[in-house]
Amino acid sequence: MADKAYDIFISFKNRDFSGNPTRDSFIASDLYKEFANRGIAAFFSNVKLLELGAATYKKSIEAALDDAKILIVIGTDLSYLETEWVTYERDSFHNDILSGRKPDACIIPYLGSIEGTKIPRCLRGFETFNVDEHDVKAVVDFAERYLNNLRGVEQSHVEKSLTTGKMASTYKPNYGKEFSRLEIQARNTKPADMPAINYVLEKMNKSKVNILDLGCAYGYVTKDRFGDIPNSFIMGVDINKDCLEYAKIHNGGDNIVYEPLAFEDDDLEENLCALMQKYNIQSFDIMFASLVIHHLKNPNKFLKRIRKFLAKDGYIIIRGSDDGSVIGVGDDGLISKIIELHLKTQGISDRLNGRKIYSQLLGSGYKNVKMMNYVKEISEMDIDERYEVFQERFAYRRNYLKILCDKNPYDMESRNNLEFMDYALECLENKFSEDAFWYCEIDFVGIAQRK
């Protein structure tokens with residue numbers, strides 16, 4: 001029979017220096033019993049010694065440390081924390097967290113009244129319980145919530161992006177400073193959009209143009225890019241109703257409407273058909289999606305589903321970005337560190353989607369695919385323009401980590417990553433104001449027609 005897998009490892013000094021049971025051992029026993037009553041597997045060395053004998057103690061310790069998601073370190077006396085086995089268990093578990101072998105693990109210190117500066121450094125950053133102020137039940141409640149949060153994350157992995165293999169995008173256009181950042185982004189990306197928009201308008205040469213802006217958010221881009229096109233009707237659609245309310249009030253017009261539409265719902269086609277009937281639209285001459293499809297779990301499926309609503313001689317325009325196109329000179333390696341951490345974060349969108357747009361269009365029932373990419377660089381920008389590029393391309397990256405911290409405030413890895421991200425972003429923002437710093441990126445713009 002295989003050894004039992006453990007969620008919890010209880011680390012404590014069993015006997016004092018006179019050979020008597022320590023207070024810590026009684027606390028550990030109470031913790032073990034409470035976990036057992038709740039059906040949570042906890043490693044408690046006294047029990048394992050009785051089951052296996054002292055000869056296999058070290059082997060069982062190693063296996064249990066490998067299994068455990070939570071290490072509870074009991075220490076009513078500083079000298080107990082400094083003993084050989086407690087130090088070994090604590091340090092090896094902490095090293096596994098730092099090295100990435102246990103990215104979701106947590107240490108719970110359950111301590112007596114020990115002066116903060118004397119507590120081992122690796123314990124100081126974790127949520128600490130005091131043995132005289134918090135009973136065993138409070139510690140077990142905390143550990144159980146943490147395990148449930150981990151299981152919630154694991155369950156949510158069912159909703160994965162097919163392109164990233166990670167949890168589906170948790171992006172929220174009304175989170176943090178996205179309201180103002182999206183307005184900056186709309187301004188900064190106009191030079192990338194207009195060549196493609198002008199190209200398709202010239203190719204179609206129609207007296208009346210129906211336009212669908214997929215993922216319009218606050219309507220900044222919708223009104224700016226299409227609002228002044230003669231004899232046009234523009235429909236902006238988005239899943240976020242708060243954004244749509246703002247768009248209706250501030251970015252509407254006689255020829256612009258905004259409607260809710262969820263792009264990955266099973267009834268997407270039926271809902272879009274209903275909107276088209278509402279406004280007496282047979283088909284769309286231009287479908288436009290800026291920085292949208294990389295948030296979807298299955299961009300190809302989405303592109304296939306909307307293809308039939310595009311006029312035979314119409315065009316779809318897709319703009320995306322790609323962190324692989326980013327170049328920074330004089331940034332002291334900050335950009336690569338920020339991007340590396342961002343790419344590892346659960347819930348991010350597909351930050352490498354730009355390079356995939358061409359093949360995604362070809363593989364989703366479109367023809368005459370043409371890439372009209374735009375190179376953005378900052379050499380002739382003033383300091384305010386440089387600052388806006390930083391806001392557009394980097395500042396939002398903290399949001400994904402902050403969302404994880406909001407969801408689980410006890411996740412020390414997310415908290416540490418957020419602290420690092422905030423520090424790195426602050427340093428990079430300063431770099432953008434330095435004359436010697438240079439930055440370049442590509443906006444990927446693909447246009448195509450339906451087959």
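Note that this is a predicted model, so its numbers are computed, not measured.
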- Is the backbone of Leu81 close enough, under 3.5 Å, to the side chain of Arg90 for a donor and an acceptor to pair up by distance? yes
- For the residue pair His295 and Tyr171, does the interplanar ring angle fall in the parallel (under 30°), tilted (30 to 60°) or perpendicular (over 60°) class? parallel
- Note on the structure: The complete set of salt bridge (Lys or Arg N to Asp or Glu O under 4.0 Å) pairs with one or both residues in residues 263-272, sequence neighbours excluded, reads Glu264-Lys297, Glu269-Arg305
- Counting heavy atoms not belonging to Asp132, are there more than 12 under 6.0 Å from its CG? yes
- Query: Is there a donor-acceptor pair under 3.5 Å between the side chain of Asp238 and the backbone N or O of Ala217?
  - Reply: yes
- Inspect the surroundings of CD1 in Ile383 and state if more than 12 heavy atoms from other residues, nucleotides or ligands are less than 6.0 Å away. no
- Are Glu245 and Lys241 close enough for a salt bridge, meaning some N to O gap below 4.0 Å? no
- Answer yes when Asp24 and Lys13 have at least one side-chain N-carboxylate O distance shorter than 4.0 Å, and no when they do not. no
- Any side-chain donor paired with an acceptor under 3.5 Å for Gln185 and Tyr220? no
- Message: Using the rule given for side chain to side chain contact (heavy atoms under 4.5 Å, CB included), can you reason through Thr345 versus Asn417, listing the C-alpha separation, both sets of side-chain angles and the distance that settles it, and then say yes or no?
- Response: CA-CA 9 Å; Thr345 302; Asn417 285 341; 6.0 Å; no
- Salt bridge or not for Asp406 and Lys402, using N-O below 4.0 Å? yes
- Message: For Asp77 and Ser79, which I'm curious about, is there any donor-acceptor pair between the side chains at under 3.5 Å?
- Response: yes
- For residues 416-429, pull every pair meeting salt bridge (Lys or Arg N to Asp or Glu O under 4.0 Å), keeping only residues two or more places apart or in separate chains. Arg398-Asp422
- Message: Whether the side chain of Thr76 engages the backbone of Ile74 through a donor-acceptor N/O pair (distance < 3.5 Å, no angle test) should be reported.
- Response: no
- Message: Can you confirm whether Tyr32 sits close enough to Ile8 that some side-chain heavy atom of one is under 4.5 Å from a side-chain heavy atom of the other?
- Response: no
- Message: Less than 6.0 angstrom separating the ring centers of Phe142 and Phe129, yes or no?
- Response: yes
- Message: Applying side chain to side chain contact (heavy atoms under 4.5 Å, CB included), can you list everything that pairs with Asp332, at least two apart in sequence or on another chain?
- Response: Lys431
- Give a yes or no on whether the backbone of Leu303 and the side-chain of Tyr366 come within a donor-acceptor separation of less than 3.5 Å. yes
- Message: I'd like to know if the side chain of Ser290 and the backbone of Gly320 have a donor-acceptor N/O pair within less than 3.5 Å.
- Response: no
- Message: If the threshold is 4.0 Å, N to carboxylate O, is there a salt bridge linking Lys190 and Asp443?
- Response: no
- Query: Under the 3.5 angstrom rule, does the side chain of Ser364 hit a backbone N or O of Leu361 as a donor-acceptor pair?
  - Reply: no
- Polar side-chain atom of Tyr218 near backbone of Pro173 as donor-acceptor pair, under 3.5 Å: yes
- In a check of ring pair (Phe, Tyr, Trp, His ring centres under 6.0 Å) between Phe12 and each of Tyr110, Tyr80, Phe44, which one passes? Phe44
- Message: Check whether Arg450 reaches the backbone of Leu310 with its side chain - one donor and one acceptor, N or O, closer than 3.5 Å.
- Response: yes
- Message: With a 4.0 Å cut-off on N to O distance, would you call Arg351 and Asp323 a salt bridge?
- Response: yes
- Item | Polar contact flag, side-chain donor to acceptor under 3.5 angstrom, Thr189-Arg225 | yes
- Message: Can you see whether Thr117 engages Arg124 through a side-chain donor-acceptor pair at a distance of less than 3.5 angstrom?
- Response: no
- Task: Report yes if the distance between the aromatic ring centroids of Phe437 and Phe432 is under 6.0 Å, otherwise no.
- Result: yes
- Message: Given 3.5 Å as the limit, does a donor-acceptor pair link the side chain of Glu434 with the main chain of Ala436, or not?
- Response: no
- Message: If you apply the rule side chain to side chain contact (heavy atoms under 4.5 Å, CB included), what do you find for Trp85 with Ser11, and how did you get there?
- Response: CA-CA 8 Å; Trp85 275 108; Ser11 177; over 6 Å; no
- Donor-acceptor under 3.5 Å (Tyr315 side chain, Ala196 main chain): no
